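Report on one structure; see the data block that follows.
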Amino acid sequence: MPELPEVETIRRDLKSLILNLKVLDISTDSPKQVQPSLKEVKKALLGRKIKDIKRRSKVLQIFFSNGVIILIHLKLNGRLLVRDKSDGKDKWQHITLSLSNDKELRFSDSRKFGWWKLIKNKEELEKVLSDFGPEFLDDLDFEKFKEILSSTRRNIKVILMDQKVMSGVGNIYANDALFLAGIDPRRTADKISSDEIKKLFNALEKVLKAGLKYRGASDQYYLDARGQKGSYQNHFLVYGKTGQKCLNCQDKIKRIVVGGRGTFYCPSCQK
DNA sequence: AGTCGCCTGGTA
DNA sequence: TACCAGGCGACT
């Protein structure tokens with residue numbers, strides 16, 4: 001579920017909850033999700049302290065005191081929950097990192113699409129992260145954004161969601177930003193005018209910041225690291241609102257498929 | 001560029 | 001029962 005606002009919210013939570021705790025054990029009932037293997041990961045982490053937690057695109061990076069890093073991708077349904085050891089099992093709990101202070105970092109994932117991946121050092125990390133395009137809120141300015149859009153004939157919505165082109169935007173925020181900018185999600189990127197690109201750039205910044213402010217969108221699965229829901233779902237502009245009235249006009253929100261993904265837009269406001 | 005697969009759960 | 005799902009890589 002998680003896009004930039006959700007993953008970033010979790011990152012901030014984790015930083016305040018588990019920094020400097022020591023790894024006592026790790027277990028899983030879904031070994032395919034742990035790479036290269038539970039055994040390797042256990043060997044690398046046991047007795048190590050959590051020193052930092054970063055995010056790149058939708059991937060979290062946990063840095064340990066011996067220099068190894070665990071990358072975590074939540075894909076569609078992953079949750080990272082910090083619980084007390086004595087708390088009852090979480091639903092769909094598949095990986096458990098036992099920590100000092102009687103804490104646990106639990107990975108819950110109903111569809112089992114997410115993964116944990118052991119990275120040995122910073123060089124290896126750089127290599128993995130170099131595949132990602134610029135971070136939307138940190139290192140993508142308007143000029144760069146404009147350059148990217150005007151140099152491709154791919155579909156605008158698909159481009160916004162391509163992490164190799166720019167990082168952090170998924171289906172929810174892409175839909176809402178295109179609505180705010182008044183752009184039909186089926187359009188080709190290089191056919192979008194400079195004025196519209198400006199609107200879109202501002203719209204993306206606006207929806208991502210709203211997502212952060214409301215601590216993410218909890219439609220069905222997303223929870224923060226404390227197990228609390230976000231509230232951006234109460235502020236969706238078009239996402240998931242098929243048949244509901246547009247916020248700007250009398251028309252109804254329509255659902256179509258673009259790039260194989262559910263896409264929501266107002267046929268009157270988005271041209 | 002479009003489709004399929006990974007897996008499972010929720011809802012019409 | 002059928003269809004839908006916030007991601008993403010592999011395939012054609």
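Given the structure is predicted, the values throughout are model-derived calculations rather than measurements. Here is how names work: the chains are called A, B, and so on, in the same order as the sequence lines, proteins then strands, and each is numbered from 1.
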Report summary line: In whole angstroms, the gap separating P of dC7(B) from CG of Asn77(A) amounts to 14 Å
Query - Length of the line joining Phe132(A):CZ and dC8(C):C1', which is rounded to integer Å - result: 10 Å
**Report entry** Any Lys112(A) side-chain nitrogen or oxygen under 4.0 Å from OP1 or OP2 of dT8(B)
**Finding:** yes
Query raised in the report: With centres under 5.5 Å and planes under 30° as the test, does Phe113(A) stack with dC8(C)?
Result: no
Requested in this report: Evaluate the side-chain proximity of Arg79(A) to Leu74(A): yes if any heavy-atom separation is below 4.5 Å, no if none is.
Outcome: no
Query - Nearest-neighbour nucleotide for the Arg255(A) side chain, dG7(C), dC4(C), dG10(B) considered - result: dC4(C)
Query raised in the report: Taking the side chain as C-beta and beyond, is there a heavy-atom pair between Tyr214(A) and His235(A) under 4.5 Å?
Result: yes
**Report entry** Phosphate contact (dC8(C) OP1 or OP2) by His73(A) side-chain N/O below 4.0 Å
**Finding:** yes
Report task. Could you tell me whether Gly240(A) contacts a base, only the sugar-phosphate backbone, or nothing, with contacts defined as non-hydrogen atoms closer than 4.0 Å? Result -> nothing
**Report entry** Close aromatic pair by centroid cut-off 6.0 Å: Tyr222(A) and Tyr232(A)
**Finding:** no
Query raised in the report: Would you find more than 12 non-hydrogen atoms of other residues, nucleotides or ligands less than 6.0 Å from Lys245(A) atom NZ?
Result: yes
Query raised in the report: What is the nucleic acid contact for Asp219(A), judged by heavy atoms within less than 4.0 Å: base, sugar-phosphate only, or nothing?
Result: base
Requested in this report: For dG5(B), take OP1 and OP2 only and decide whether either is under 4.0 Å from a side-chain N or O of Lys75(A).
Outcome: no
Query raised in the report: Should Trp92(A) be listed as having a side-chain N or O under 4.0 Å from OP1 or OP2 of dG9(B)?
Result: yes
Report task. Describe the nucleic acid contact of Gly170(A) in one word from base, sugar-phosphate, nothing, applying a heavy-atom distance below 4.0 Å. Result -> sugar-phosphate
Report task. Respond yes when some side-chain nitrogen or oxygen of Lys164(A) is under 4.0 Å from OP1 or OP2 of dC8(C), and no when none is. Result -> no
Report summary line: Among dC7(B), dG9(B), dG7(C), the one nearest any side-chain atom of Arg261(A) is dG7(C)
Requested in this report: Provide the distance between the two P atoms, one in dG6(C) and one in dT11(B), to the nearest whole Å.
Outcome: 15 Å
Query raised in the report: Do the non-hydrogen side-chain atoms of Asp162(A) and Val169(A) ever get within less than 4.5 Å of each other?
Result: no
**Report entry** Non-neighbouring partners of Glu8(A) that pass salt bridge (Lys or Arg N to Asp or Glu O under 4.0 Å), sequence neighbours left out
**Finding:** Arg11(A), Arg12(A), Arg55(A)
Report task. Sticking with atom C1', work out how far dA5(C) lies from dA1(B), rounded to a whole angstrom. Result -> 22 Å
Requested in this report: Answer yes or no: does a side-chain N or O of Tyr239(A) lie under 4.0 Å from OP1 or OP2 of dG6(C)?
Outcome: yes
Query - From dG10(B), dA1(B), dC7(B), nucleotide with atom closest to Lys32(A) side chain - result: dC7(B)
**Report entry** Protein-nucleotide distance (Leu160(A), atom CG; dG7(C), atom P), rounded to Å
**Finding:** 12 Å
**Report entry** Duplex segments of DNA chain B, taken as runs of at least three Watson-Crick or G-U pairs that stay under 3.5 Å
**Finding:** B:1-6 with C:7-12, B:8-12 with C:1-5
Report summary line: Heavy atoms of Ile253(A) and Cys266(A) approach each other most closely as CD1-CB, 4.2 Å
Requested in this report: Send over the distance from Lys91(A) NZ to dT8(B) C1', rounded to a whole Å.
Outcome: 11 Å
Query raised in the report: Is there a side-chain polar atom (N or O) of Arg111(A) under 4.0 Å from OP1 or OP2 of dG9(B)?
Result: no
Query raised in the report: With Phe132(A), which residues qualify under ring pair (Phe, Tyr, Trp, His ring centres under 6.0 Å), at least two apart?
Result: none
**Report entry** Length of the line joining Leu178(A):CG and dG6(C):P, which is rounded to integer Å
**Finding:** 15 Å
Query - Inter-nucleotide P distance (dC7(B), dC3(C)), Å rounded - result: 22 Å
